[in-house]
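Predicted model, so just to flag it, every value in this text is computed and none were measured. As the structure lists them, so they are numbered: ligands from 1, and atoms in each ligand from 1.
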Amino acid sequence: MDEFSLIDDLIAPGAGARDDVLLGIGDDGAIVRPPPGEDLVMVADTLVEGVHFPPQLPPSDLGYRAIAVNLSDLAAMGATPRWALLALTLPAARRDFILELVRGMREALAAAGVQLVGGDTTRGPLCLTVQMTGSIPPALALTRAGARAGDRIFVSGTLGDAAAGLAVLRRGVPRDPDAAQLLARFARPLARNALGIALRSIASACIDVSDGLVGDLAHVARRSGCTAVLDLAALPLSDALVATVGREEAGRLALTGGDDYELCFTVPPAQLAVLAGLDQSVRLTAIGTVEDGNAGTVVLQDESGVRRQPTVSGYRHFV
Ligand code: ADP
Ligand code: MG
């Protein structure tokens, strides 16, 4: 199969459809029409085989994941997702592999109402780069820079599951339901877009937890010029995680495991009541407080109030 029939026959049919796309896949460039008066938010994320996912990850999950991780970046900005581009590098044009990849991608695109409007296809080591664009009314975007002393720190969902799920995936097919649940957290991350949009006028800062809570929260602390104090006893752990790896390892994974794609955000005291009144289904947990001083520091506090510095932070590609 050549790359043109690959694009026309396999990729284009799964691209989705939006009214604000004037020209989609098929020309030299796509033409989209932003909502009048809104700003555009642009993100990109690359998944490299052997770096971001092991060869055991089924192609449908890989396709789903490539879209989901970009949706998560837009969620962290509070933006409404709209359009995506896909740069696809494949070792071979295997029809069954591409069909599965597109199936997973289409699921994630459709759930978010995003249209794939173009991309590029080349031969080489398996790698997917997705670029996604969303929009937001002026001055409403959530950034890493707005946290202030006295703000409470929250996280959505549960932490550490995806890191344990990746270990399950590397071992092979999971046998028990807990392991399967953890694996799904890695293979099919649920981007928190509705939450991100709801937080536009509530949160002072926001980040998605992709590289591990401590490392990602340190980015917020650095950009906001403050310290983040984490309440260790408050970290939300799933029953499946605790049952699979034990409480101690679960706590460690919750602090440093990557790939959960939950939102971690700060809320000023005056907005706490609004947050509590949010009508939405995602579990939210208060996990700490913002303090002045030592910009960029994350401090761990145990139940008796004893504080220590974390020994490891987030994932880094270049050390
Ligand atoms: P060009 O040579 O002008 O870059 P291509 O032949 O690479 O054009 O692409 C043809 C059309 O298919 C373009 O609209 C491009 O955006 C789209 N396209 C190519 N690869 C992909 C892909 N992996 N996913 C989505 N669209 C793609
Ligand atoms: Mg061209």
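- Checking only distances, L116 never comes within under 3.5 Å of ligand 1, N or O to N or O.
- Heavy-atom contacts of I25 reach the following atoms of ligand 1: 12 (O), 14 (O), 17 (C), 25 (C), 26 (N) (cutoff under 4.0 Å).
- For T89 and T122, the side-chain atoms include at least one donor-acceptor pair closer than 3.5 Å.
- Scanning A15, G118, G29 for the heavy atom closest to atom 25 (C) of ligand 1 points to G118.
- No side-chain donor-acceptor contact under 3.5 Å links T129 and Q131.
- Under 4.0 angstrom from ligand 1, the non-hydrogen atoms of T121 come from both its backbone and its side chain.
- Checking S238 against R185 by side-chain atom types alone, no donor-acceptor pair falls below 3.5 Å.
- Note: the hydrophobic cluster containing V114 does not contain Y64 (ILVMFWY, side chain heavy atoms under 4.5 Å, direct or indirect links).
- Residue L86 has at least one heavy-atom neighbour below 4.0 Å for each of these atoms of ligand 1: 22 (C), 23 (N), 24 (N).
- Side-chain heavy-atom separations under 4.5 angstrom define the hydrophobic clusters, and the remaining members of the one that includes L22 are L23, I31.
- Residue contacts with ligand 1, taken as heavy atom pairs separated by less than 4.0 Å, do not involve L85 at all.
- Here the shortest heavy-atom distance to atom 24 (N) of ligand 1, taken over I11, L90, L88, belongs to I11.
- Residues in residues 104-159 take part in these ring-ring contact (aromatic ring centres under 6.0 Å, His included) pairs, two or more places apart or across chains: F154-F265.
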